[in-house]
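Residue numbering restarts at 1 for every chain, and letters A, B, ... go by the order of the sequence lines. All values derive from a computational prediction rather than experimental measurement. These numbers come from the heavy atoms of this one structure, side chains and all, not from hydrogens, waters or symmetry mates.
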Amino acid sequence: MIPAPTSENELLERATALAGFTLGELAEQYGLVCPADLRREKGWVGMLLETCLGATAGSKPEQDFQDLGIELKSIPISHTGKPLETTFVCVAPLTNVHGLTWENSHIRNKLSKVLWIPVEGEREIPVCERHVGMPLIWQPSDEEEAQLKADWEELMEFIVLGKVHQITAKHGEYLQLRPKAANSKAVTEAYGANGQPIKTLPRGFYLKKPFTSRILAAHFMLPAEDTF
DNA sequence: CATTGATCATGT
DNA sequence: ACATGATCAATG
């Protein structure tokens, strides 16, 4: 096991040292077996990077590197550097939301500082041959945070009013609410239209692709619109 | 069931 | 072609 990094610089240096390696090469260093595809191990890449960087494995309530106040996110990218998937942030609170504000929300804490690690994600590339890209540490700008807060407030309004069922992934410009469960039969408690408790599918907050795309593009100074 | 890690795969 | 809704694994 790799010890936890003791500073942001150390973490970033470690992540930078991973750039250029393939997932197969990294897996081999840790005696892990690279799956042929991710159909049955959707979180495999994220777990591998956690291992490489000394994040504590298993489920933790807050950021991956809590002492450093940093959340680790791997992000699958195309050959043009654009995200191939939305990014899961955290489960959405559907009950006990009285007094909950953006400022004290779980999602704001998670997104306060993120270490993004781009990884080749096209399915044509075998998992073990996919390359790890250059990492970047990101903190939301005032504008980005305002955008996220606006979306969060819109979505939370539905939840508070007992209208969870009316929310679709189309709501929110940058942040969306989508199912986050083992399957469509999973249930959790939420507010009904009359304030009574109801059972519903657990949901999670996800960052839409254009949002994460801009983060990567801004950092790597890529053109806003790719012309490849 | 809830949390962590996300991607799959079908409908439009 | 792509986003939405569905799904997978491990762990507490």
Query raised in the report: Is any side-chain heavy atom of A:V187 less than 4.5 Å from a side-chain heavy atom of A:T200?
Result: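 A side-chain contact is absent here, since even the closest heavy-atom pair is not under 4.5 Å.
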Query raised in the report: Can you tell if the side chain of A:H171 reaches within under 4.5 Å of the side chain of A:Q176, non-hydrogen atoms only?
Result: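 They are not in side-chain contact.
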Out of [options], whichever nucleotide has its closest atom nearest the side chain of [X]:
X: A:T86; options: C:dT4, B:dC1, B:dA2; value: C:dT4
X: A:F88; options: B:dT4, C:dA6, B:dC8; value: B:dT4
X: A:K180; options: B:dC8, B:dG5, C:dG5; value: B:dG5
X: A:A169; options: B:dA2, C:dG5, B:dG5; value: C:dG5
X: A:S184; options: C:dT4, C:dA6, B:dA2; value: C:dA6
X: A:H106; options: B:dT4, C:dA6, B:dG5; value: B:dT4
X: A:R39; options: B:dA9, B:dG5, C:dA6; value: B:dA9

Query raised in the report: When you measure from the side chain of A:R203 to the backbone N and O of A:A92, does any donor-acceptor pair fall under 3.5 Å?
Result: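 Pair absent, no side-chain N/O of A:R203 close to backbone of A:A92.
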Expressed as a whole number of angstroms, how long is the span from [X]:[atom1] to [N]:[atom2]?
X: A:L48; N: B:dA6; atom1: CG; atom2: P; value: 11 Å
X: A:E50; N: C:dA10; atom1: CD; atom2: C1'; value: 12 Å
X: A:L84; N: C:dC2; atom1: CG; atom2: P; value: 10 Å
X: A:K42; N: B:dC8; atom1: NZ; atom2: C1'; value: 4 Å
X: A:I75; N: B:dA6; atom1: CD1; atom2: P; value: 10 Å
X: A:N183; N: C:dT7; atom1: CG; atom2: C1'; value: 7 Å
X: A:L23; N: B:dG5; atom1: CG; atom2: C1'; value: 14 Å
X: A:N109; N: B:dT4; atom1: CG; atom2: P; value: 11 Å

What's [X] touching, base or sugar-phosphate or nothing? Going by heavy atoms closer than 4.0 Å.
X: A:G46; result: sugar-phosphate
X: A:K199; result: nothing
X: A:E85; result: base
X: A:V187; result: sugar-phosphate
X: A:A186; result: nothing

Are [X] and [N] close enough that a side-chain N or O sits under 4.0 Å from OP1 or OP2?
X: A:S74; N: B:dA6; result: yes
X: A:R123; N: B:dC8; result: yes
X: A:Q176; N: C:dT4; result: yes

Report task. Return the 5'-most residue of the pair A:K185, A:K170 with respect to DNA chain C, ranking by each residue's nearest nucleotide. Result ->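 Closest to the 5' end, via its nearest nucleotide, is A:K170.
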Query raised in the report: With nearest nucleotides of DNA chain C determined for A:K209 and A:R40 from heavy-atom distances, which residue corresponds to the more 5′ nucleotide?
Result: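 Nearer the 5' end of the strand: A:K209.
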Requested in this report: Flag yes if more than 12 heavy atoms outside A:Q29 fall under 6.0 Å of its CD atom; otherwise flag no.
Outcome: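 Atom CD in A:Q29 is packed in, count exceeds 12.
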Requested in this report: Answer yes if the side chains of A:R108 and A:T101 hold a donor-acceptor pair under 3.5 Å, and no otherwise.
Outcome: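 No, because no side-chain N or O of A:R108 sits under 3.5 Å from a partner of the opposite role on A:T101.
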Query raised in the report: Are A:W138 and A:E144 linked by a side-chain donor-acceptor pair shorter than 3.5 Å?
Result: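 On atom types as modelled, these side chains qualify, holding a pair under 3.5 Å.
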Query raised in the report: If you find the nucleotide of DNA chain B closest to A:G121 and the one closest to A:D64, which residue's nucleotide is nearer the 5' end?
Result: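 The residue closer to the strand's 5' end, by nearest nucleotide, is A:D64.
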Query raised in the report: Are A:E10 and A:R14 close enough for a salt bridge, meaning some N to O gap below 4.0 Å?
Result: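 Result for this pair is yes, salt bridge flagged.
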Query raised in the report: Under the 3.5 Å rule, do the base of B:dA6 and the side chain of A:Y206 count as making a donor-acceptor pair?
Result: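 Indeed there is one.
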